[in-house]
Amino acid sequence: MLAHEFFRNALLAGTLIALACGLVGYFVVLRAQVFAGDALSHVAFTGALGAAAAGIDPRIGLFAATIGVALVLGGIGRRAAADDVTIGIVFAWVLGLGVFFLAIFSTGSGGGNGLLGARELFGSIFGLSAADARIAALIAAGISVSVLAIARPLLFASIDPGVASTRNVPVRALGMAFLVLVGATAAEATQAVGALLLLGLLAAPAGAAQRLTANPYLALGLSAAMAVAAMWLGLAISYAIPSLPPSTAVIGIATLIYLLAFLLTTAPRRAPGPNASVREPAMGES
Amino acid sequence: MPVTSLLAQAGPSLDPVSDLNQLTAYPFMVNALEAGTIVAVMAGLIGWFMVLRKQTFAGHTLSLMAFPGATGALLIGLSAAAGYFVFSGLAALLIGASAGGGAHRDRGQESAITGSVQAFGLACGFLFLSLYRGVLANYESLLFGSFLGITRGQVLALAVVAAAALALMALIGRPLLFASLDEGVARARGVPTRALGLAFLVMLGLAVAETAQITGALLVFALLVAPPATAQQITSRVGAGLVLSVLLGVLTAWLGLALAYFYGYPVGFYVTSVAFTMYVLARIARAAADRPTRLRVRAGSAGAGA
């Protein structure tokens, strides 16, 4: 398996992107911002198409669009966390813009194959060249290091923003910086491995990790480890079964991990169920 | 003044009557306008509850289930509609059942579940597509919609789905509103909040699936979110909000279609732009309207106000 160059490239880029997604994803789930992550991955599409329509390098468009929208989303919402509705509306409009750029791009390139050309902007993980894989790995490593660098204050600001701001933690700036990191992850992952992989790796391993443990640093590590494991297993399975697309295999494993965590944590919780429902009205009365 | 349009003689004059005549001159435009109106009315009503319940992400996820639905149906050889219903229904059940009906909803887990369901659904779609080995001809229109190829039969199908969805809304509307506004109190009064939430999501899924196959997932989503959110910025009253939401939705759909007809870029672009502009204007107006109240309150508390 490792004898093939395409597989080594996929493994290199995939591992580091999964690592970045697992780390970023932990905070995304903690702050309930999966929708923002999803929106940013679609924004990448508009950015790339806009750059293509204007004749600039799509990568510049990718990063400019995702980071720009991340700043807007952070700027609109209170405490740098936009609500669902704002995200939804901004996101629908940005997708609409993407359709507009697609129309310009496909008439500009003189053929009816606009979408085909546009789809080439989005990589498949098994189609990465050695240079692409190295760049993707470097950027993903940079994102991982940045997340770890702000992990402590970000954790504080996410769990209790009120107390954090009285302790002089820059809650708002941290929220913005974090969204920018999500944007950068989206831009990077979208062009290297596709938007689909990004969402699955952001949401599923992190959600599973937070179900399994309440210890934040353990959950952070577990989230990253499970994301990388899902990537490795998925790549291996997809190598063994050629008709299975790699993204489907990786997402399938990630979803399975979440499902297992869900079943593990909900089964024992059923037992003290009646107790909890007795306690509830008592809390309401006090 | 008009930009060169795809339709040679088309171009808006400033005379609304002749514009309207031009718009309805072709049967395909009449179909598109009717379909747009039906979708806007349905989306305006259901979306109002969706925005109130803060389930925008779930709505987006359900509208994307059109993709695995279409490809899965193609693979097995079923009708596309069956595929949509199966996938949207399943996704709605998964999101609704696992979201948990506890007193405090865990927003993080809820968003993680919704995201996982969406990623897995799309992954299934790609798997079906690669197993099918064929080219899915209308991949693009699945997501972005092709409003201009709508047939009479599709308009009728839309009307039936919309009527069914609205009838169900009329049935569960009151308790659903109660459950959405104050879940704790509603549950204490014996309202089955969990079952209602599940029923609402399933209905949202089915309605969105049927609509998405005709108009595209993006367009449904835009009409589902923006007009209700704009209405809720303008008024917090229930009846007025619902009416306003429907009116704004219909206006958005008509303006979008008319602009697309006269200037020849995709409908999705115009509809989302109109919806976005409305929302931004409403927010600005809201901010401006809120400022004097704040001043008045301050003046009142200082004892200087009347």
Side-chain angles (χ1 to χ4, degrees), chain A residues 25 28-35 37-39 76 83-100 102-104 114-115 196-204 206-208 210-211 243-245 247-252 254-255 258-259 262 266 276 280-281 283-284, chain B residues 51 54-57 59-61 98 102-103 106-120 122-127 129-131 133 139-140 143-145 184 188 218-219 221-222 224-226 228-230 232 264-273 275-277 279-280 283:
Chain A
V28 167
V29 172
L30 188 67
R31 300 165 66 89
Q33 288 184 324
V34 179
F35 192 28
D38 181 31
I76 292 176
D83 55 303
D84 269 18
V85 173
T86 315
I87 298 172
I89 289 172
V90 169
F91 161 53
W93 183 57
V94 169
L95 267 188
L97 271 182
V99 181
F100 176 64
L102 184 64
I104 294 183
L115 194 71
L196 173 62
L197 260 182
L198 171 79
L199 178 64
L201 286 177
L202 274 185
Q210 286 178 22
R211 280 192 170 272
S243 67
L244 193 67
S247 49
T248 307
V250 175
I251 298 297
T255 313
Y258 186 84
L259 197 67
F262 185 83
T266 41
E280 238 169 64
M283 272 163 67
Chain B
V51 169
K54 302 192 192 329
Q55 291 184 320
T56 314
F57 190 25
H60 169 61
T61 298
S98 56
D106 185 346
R107 291 226 157 269
Q109 281 300 324
E110 206 176 313
S111 78
I113 288 169
T114 313
S116 304
V117 167
Q118 182 187 337
F120 188 66
L122 291 178
C124 286
F126 279 108
L127 175 66
L129 197 61
S130 92
L131 287 178
R133 285 173 204 286
Y139 176 78
E140 193 180 344
L143 291 177
F144 303 131
L218 166 65
L219 218 61
F221 181 62
L224 212 50
V225 182
T230 312
Q232 288 186 11
Y265 280 111
V267 181
F269 167 61
Y270 289 116
V271 168
T272 51
S273 297
F276 181 73
T277 314
Y279 180 70
V280 169
R283 259 191 101 123

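All chains are named by letter (A, B, ...) in the order of the sequence lines, taking the proteins before the strands, and each is independently numbered beginning at 1.
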**Q** What residues form a side-chain contact (heavy atoms from CB on, under 4.5 Å) with B/Phe221, not counting sequence neighbours?
**A**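 side-chain contact (heavy atoms from CB on, under 4.5 Å) check on B/Phe221 returns A/Phe35, A/Phe91, A/Ala92, B/Thr56, B/His60, B/Ser63, B/Val225.
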**Q** Name the member of A/Val34, A/Val28, A/Thr255 that forms the most heavy-atom pairs with chain B at distances under 4.5 Å.
**A**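 Winner by heavy-atom pair count: A/Val34.
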**Q** Could you tell me which non-hydrogen atom of A/Ala39 sits nearest to which non-hydrogen atom of A/Ile87, and how far apart they are?
**A**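 Between these two residues, the closest heavy atoms are CB-CG2, 3.7 Å.
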**Q** Heavy atoms only, distances under 4.5 angstrom: which of B/Tyr270, B/Phe120, B/Phe276 has the most pairs with chain A? Name it, please.
**A**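 Looking at each of B/Tyr270, B/Phe120, B/Phe276 in turn, B/Phe276 comes out on top.
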**Q** Can you name the closest pair of heavy atoms from A/Ser243 and B/Leu127 and give their distance?
**A**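 Between these two residues, the closest heavy atoms are O-CD1, 4.3 Å.
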**Q** By a 4.5 Å heavy-atom criterion (distance strictly below it), what part of A/Val90 contacts chain B: side chain, backbone, both, or neither?
**A**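 When you check distances to chain B, atoms from both the backbone and side chain of A/Val90 fall under 4.5 Å.
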**Q** Between B/Ala275, B/Gly184, B/Cys124, B/Ala123, which shows the greatest number of heavy-atom pairs under 4.5 Å with chain A?
**A**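 Greatest number of close heavy-atom pairs with chain A: B/Ala123.
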**Q** Among A/Ile251, A/Leu259, A/Val250, A/Leu198, who wins on heavy-atom pairs under 4.5 Å with chain B?
**A**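 Option with the greatest count: A/Ile251.
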**Q** For chain B, which of A/Val29, A/Val94, A/Leu30 has the most heavy-atom pairs under 4.5 Å?
**A**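 Of A/Val29, A/Val94, A/Leu30, A/Val29 has the most heavy-atom pairs under 4.5 Å with chain B.
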**Q** Tell me which of these, B/Gly125, B/Ala222, B/Ala226, B/Ala188, has more heavy-atom pairs under 4.5 Å with chain A than the rest.
**A**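 Heavy-atom pairs under 4.5 Å are most numerous for B/Ala226.
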**Q** Is the shortest side-chain heavy-atom distance between B/Glu110 and B/Phe57 below 4.5 Å?
**A**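 A side-chain contact is absent here, since even the closest heavy-atom pair is not under 4.5 Å.
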**Q** Look at the side chain of B/Ser273 and the backbone N and O of B/Phe269, then say whether any donor-acceptor pair between them is shorter than 3.5 Å.
**A**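 Answer holds: yes.
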**Q** Working to the nearest 0.5 angstrom, can you tell me the gap between A/Asp84 CG and A/Gln33 CD?
**A**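 The CD atom of A/Gln33 is 10.0 Å from CG of A/Asp84, to the nearest 0.5 Å.
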